[in-house]
Amino acid sequence: MMYLLHPYACKRTLAVHLVWTMFTLVGLFSAYYHMTLSYLGQMLDELSILWVIALGYSVWFPRPYFPEFIKNRNQFGTAIFIIATISTALSFAKPVINAYVLNCITFHILYIMVKEIRKCTVQEIRNLAFLAFVLWVVAISCWLSDRLFCSFWRTINFSYLHSIWHILICITVLYSNTLFAYFDAVYEIPECQPQVHYWPSNSVYIGFPYLAITKSMPKKNC
């Protein structure tokens, strides 16, 4: 994704790469947590997720939805940093609820997505949003079912829902990030005519989405 999004990042902000770097750390910390089931592993896993969400908000949250007292994206990023720092401290108070709180952030993301899709007339983007929503519903259903009905799944010797959750939520993040990158580009760099392409094949059915710049403009130093 860092390679595919580099032309977009050069036009918009290289902080885009930081989001995907943090996403890689989420994967490493999650692997460590699931191998050890330790308290340290849990906190590394959940806090890395918290901070990748914070970075995503700072980079891609659509400007029209900034609070009135926020004048620019730098101020918004500072506010998000303060909130994430406070949330980091609070996460140690009762770690058992951290995962539920992190998943609840999704409802705000869905709210913004719905508001943007209502204004969007590009059918391809509307289809991408629908697919992201369906993937999230299936993923969160697997996570909740694994949490709430673990004893049932153990009785039938089916212990894979949490694994399925990890795969589906990873793909959901890919779709969602592309969607919000598109919303952001429409507001911030509309002259670049952003479009969603797919890799390795430019097909919604067998490719992963990424934001492409279709109009050449003067580049920043990258």
Side-chain angles (χ1 to χ4, degrees), residues 1 4-5 8-9 11-13 15-16 18-20 22-23 26 49-84 86-87 99-141 143-144 165 168-198 204 208-215:
M1 292 308 299
L4 293 172
L5 288 173
Y8 157 69
K11 300 293 191 305
R12 181 65 182 87
T13 171
V16 169
L18 187 58
V19 176
W20 291 104
M22 278 298 301
F23 193 58
V26 169
I49 293 172
L50 169 66
W51 281 96
V52 80
I53 292 173
L55 277 170
Y57 265 78
S58 299
V59 173
W60 288 317
F61 192 76
R63 188 182 295 270
Y65 306 105
F66 285 1
E68 291 186 3
F69 62 89
I70 298 292
K71 303 303 181 185
N72 54 55
R73 189 164 293 276
N74 287 337
Q75 290 184 5
F76 183 74
T78 301
I80 292 296
F81 176 81
I82 293 171
I83 293 171
I86 294 172
S87 299
Y100 295 95
V101 173
L102 287 171
N103 275 302
C104 285
I105 298 174
T106 306
F107 292 106
H108 182 248
I109 296 172
L110 288 173
Y111 170 73
I112 298 299
M113 184 179 77
V114 169
K115 293 194 66 135
E116 281 296 305
I117 287 300
R118 285 179 175 175
K119 298 188 293 184
C120 181
T121 58
V122 181
Q123 189 59 44
E124 182 184 14
I125 301 302
R126 298 174 71 91
N127 293 342
L128 184 66
F130 176 75
L131 186 54
F133 175 73
V134 170
L135 284 168
W136 174 78
V137 168
V138 177
I140 197 65
S141 298
W143 186 82
L144 287 172
W165 143 261
L168 290 180
I169 202 63
C170 182
I171 298 173
T172 302
V173 167
L174 178 61
Y175 279 69
S176 301
N177 282 6
T178 302
L179 197 63
F180 275 86
Y182 175 84
F183 295 152
D184 173 75
V186 168
Y187 288 116
E188 304 290 348
I189 50 172
E191 68 279 1
C192 292
Q193 298 178 4
Q195 289 185 3
V196 172
H197 289 181
Y198 294 84
V204 67
F208 290 124
Y210 68 96
L211 193 70
I213 298 301
T214 60
K215 186 175 180 180

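Nearest approach of Leu168 to Val138, heavy atoms of both residues: CD1-CG1, 3.5 Å. Shown here for Ala129 and Met113, the closest heavy-atom pair between the two residues is O-CE, 4.0 Å. The two atoms that bring Pro190 and Tyr187 nearest to each other are CD-O, 3.9 Å, heavy atoms only. Taking all atoms of both residues into account, the shortest heavy-atom contact from Ile169 to Ala139 is N-CB, 4.0 Å. Pro194 approaches Leu211 most closely through the heavy-atom pair CB-CD1, 4.0 Å. Val16 approaches Ala9 most closely through the heavy-atom pair CB-CB, 4.1 Å.
With rounding to the nearest 0.5 Å, the separation of CZ in Phe61 from CZ in Arg63 is 12.0 Å. Here the straight-line distance linking atom CG of Leu179 with atom CD1 of Ile112 works out to 12.0 Å at 0.5 Å rounding. The CZ atom of Phe208 lies 10.5 Å from the OG1 atom of Thr178; values are rounded to the nearest 0.5 Å. Between the CH2 atom of Trp20 and the CE atom of Met1 there is a distance of 4.5 Å, given to the nearest 0.5 Å. Note that CG of Leu55 and CG of Leu18 are 5.0 Å apart. Values are rounded to the nearest 0.5 Å. Between the CZ atom in Phe81 and the CZ atom in Phe76 there is a gap of 15.0 Å [rounded to 0.5 Å].
For Phe133, there are no ring pair (Phe, Tyr, Trp, His ring centres under 6.0 Å) partners, not counting sequence neighbours. Val173 pairs by the side chain to side chain contact (heavy atoms under 4.5 Å, CB included) definition with Phe23, Asn177, not counting sequence neighbours.
Defined by atom type and a distance below 3.5 Å, a donor-acceptor pair is present between the side-chain atoms of Glu116 and Tyr65.
Of the possible donor and acceptor atoms, none in the side chain of Asp184 sits under 3.5 Å from a partner among the backbone N and O of Phe180. Judged by distance alone, the side chain of Arg73 and the main-chain N or O of Ser58 form a donor-acceptor pair under 3.5 Å.
For OH of Tyr111, the number of neighbouring non-hydrogen atoms (other residues, nucleotides, ligands) closer than 6.0 Å is 12 at most.
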Checklist entry - Passes side-chain contact (heavy atoms from CB on, under 4.5 Å), Asn103 versus Leu144? Steps please. => result CA-CA 10 Å; Asn103 275 302; Leu144 287 172; over 6 Å; no

Next on the checklist: For a side-chain contact (heavy atoms from CB on, under 4.5 Å) check, start with the C-alpha distance between Ile189 and Tyr8, then their side-chain angles and the critical distance, and finish with the verdict.
Outcome noted: CA-CA 10 Å; Ile189 50 172; Tyr8 157 69; 4.1 Å; yes

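Relative ring orientation between Trp165 and Trp143 is described as tilted, the plane-to-plane angle lying within the 30° to 60° band.
Within the 4.5 Å cutoff, side-chain heavy atoms of Ile82 are placed close to those of Ile86. For the pair Ser176 and Ile109, the minimum side-chain heavy-atom distance is 4.5 Å or more. Tyr182 has its side chain out of reach of Trp60: every pair of non-hydrogen atoms, C-beta onward, lies at least 4.5 Å apart. Contact of the Val196 side chain with the Leu128 side chain is registered, since non-hydrogen atoms from C-beta on lie closer than 4.5 Å. No side-chain heavy atom of Ile83 sits less than 4.5 Å from a side-chain heavy atom of Tyr57.
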